[in-house]
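Here it is, the structure in full.
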Amino acid sequence: MAHYVPRIARLGSWVIAKTNWYNATLVLDFVDHQAGPVAAWARAARVGDRLEVGGPKGSRLITGDVAHWLLVGDETALPAIGRRVESLPAGVSVTTVVAVPGVEDEQVLVTPARHEAHWVHRPMELADQAQAIVAALGQVAIPVGTFVWVGAEARVARAVRDYLQDVRCVPAGWIRAAGYWSMGQADAAVRDVEDVQVPKRPEPLVRPPVTG
């Protein structure tokens with residue numbers, strides 16, 4: 001019998017990496033780190049343990065004339081990035097830039113879409129520093145009509161967003177950046193880095209895709 005921890009149910013939501021409706025299974029990815037009860041639960045979990053799942057939770061949908069997708073994140077965002085890439089249809093263009101500790105942490109994403117993958121290797125101790133991801137983005141083409149999704153440590157997500165807006169001139173409305181976690185804080189997430197108190201930027205003249 002599982003040692004069910006009620007607190008886990010109040011922590012938030014997790015992206016299902018894969019589902020198989022034929023054999024009634026789903027796959028959840030957990031990042032093994034030293035902070036937070038979820039990682040501790042995952043390390044202690046054994047075959048036959050019981051996990052209570054609620055949901056699904058509603059997701060923000062991106063619609064509109066998106067010419068290209070750019071998905072940026074770290075190991076905590078891999079389930080969301082992987083699910084998105086693998087669900088894209090043939091003919092769609094998508095680029096991923098993902099930071100992980102090493103080559104053994106890279107994942108093979110199978111998709112009919114045109115997928116270009118960039119893996120950034122850095123230790124977990126530097127997971128709150130954006131330099132490596134920003135350097136990799138400097139080598140990536142961002143054509144007009146690119147919608148960018150970012151999921152990473154909160155300060156990294158904000159730094160990436162600022163780089164994309166200030167240096168690569170991506171309109172603010174074409175970027176969705178979220179802090180999946182915060183270094184040194186357990187169970188800390190920023191749903192959108194716009195929630196951080198920063199000076200407001202003028203709205204872009206380019207009309208962004210509709211979100212809702």
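Values below: every heavy atom of this structure, side chains too, minus hydrogens, waters and symmetry copies.
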Q: Could you check Thr96, Val100, Val103 and say which one makes a side chain to side chain contact (heavy atoms under 4.5 Å, CB included) with Trp119?
A: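 Testing each of Thr96, Val100, Val103 against Trp119, the sole residue satisfying side chain to side chain contact (heavy atoms under 4.5 Å, CB included) is Val100.
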Q: Check whether any side-chain heavy atom of Arg122 lies under 4.5 Å from a side-chain heavy atom of Pro101, and answer yes or no.
A: yes
Q) Under 3.5 Å, side chain of Glu86 to main-chain N/O of Val110, donor-acceptor pair present? A) yes
Q.
Is there a side chain to side chain contact (heavy atoms under 4.5 Å, CB included) between Val72 and Ile133? Walk through the geometry before answering.
A. CA-CA 8 Å; Val72 185; Ile133 291 181; 3.7 Å; yes
Q. Should Gln129 and Val156 count as side-chain neighbours, where that means a heavy-atom distance under 4.5 Å?
A.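 Gln129 vs Val156: side chains apart.
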Q | Side chains of Leu164 and Ile142 in contact at under 4.5 Å (non-hydrogen atoms) | A | yes
Q: Determine the minimum heavy-atom distance between Val120 and Ala136, stating which atoms define it.
A: CG2-CB, 3.6 Å
Q: Look at the side chain of Asp162 and the backbone N and O of Ala159, then say whether any donor-acceptor pair between them is shorter than 3.5 Å.
A: no
Q) When rounded to the nearest 0.5 angstrom, what is the spacing between OG in Ser93 and NE2 in His115? A) 10.0 Å
**Q.** Distance (rounded to the nearest 0.5 Å) between Arg83 CZ and Thr111 OG1
**A.** 14.0 Å
Q. With a 4.5 Å heavy-atom cut-off, do Arg161 and Val150 have their side chains touching?
A. no
Q) Does Arg176 reach the main-chain N or O of Trp149 with its side chain, forming a donor-acceptor pair under 3.5 Å? A) no
Q) How long is the span from the CZ atom in Phe147 to the CG atom in Asp65, to the nearest 0.5 Å? A)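 The distance works out to 13.5 Å.
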Q.
Measuring only between side-chain heavy atoms, which start at C-beta, is Val140 closer than 4.5 Å to His118?
A. yes
Q: Please report the closest heavy-atom contact between Ala152 and Asp74, naming both atoms and the distance.
A: CA-OD2, 3.6 Å
Q | Taking every non-hydrogen atom, the tightest pair across Tyr163 and Leu137 | A |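 Looking at all heavy atoms of both residues, the closest pair is CE2-CB, 3.8 Å.
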(Q) Is the shortest side-chain heavy-atom distance between Leu78 and Thr76 below 4.5 Å? (A) no
Q. Between atom CD of Glu75 and atom OH of Tyr180, what is the distance when rounded to the nearest 0.5 Å?
A. 12.5 Å
Q. Any side-chain heavy atom of Val97 within less than 4.5 Å of one from Leu70?
A.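 Yes, side chains in contact.
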Q: Can you see which heavy atom on Ala157 is nearest to which on Ala177, and at what distance?
A: O-CB, 4.1 Å
**Q.** For His68 against Pro143, the heavy-atom pair lying closest together
**A.**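 Nearest heavy atoms, His68 then Pro143: CB-CG, 4.0 Å.
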Q | Flag, side chain of Glu153 to backbone of Arg155, donor-acceptor distance under 3.5 Å | A | yes
Q | Between Glu106 and His121: side-chain donor-acceptor atoms closer than 3.5 Å | A | yes
Q) Honestly curious: do Val94 and Val144 fall in one hydrophobic cluster under the side-chain, below-4.5 Å linking rule? A)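 Hydrophobic grouping puts Val94 apart from Val144.
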Q) Do the side chains of Val92 and Trp69 get nearer than 4.5 Å, heavy atoms only? A)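 A side-chain contact under 4.5 Å exists here.
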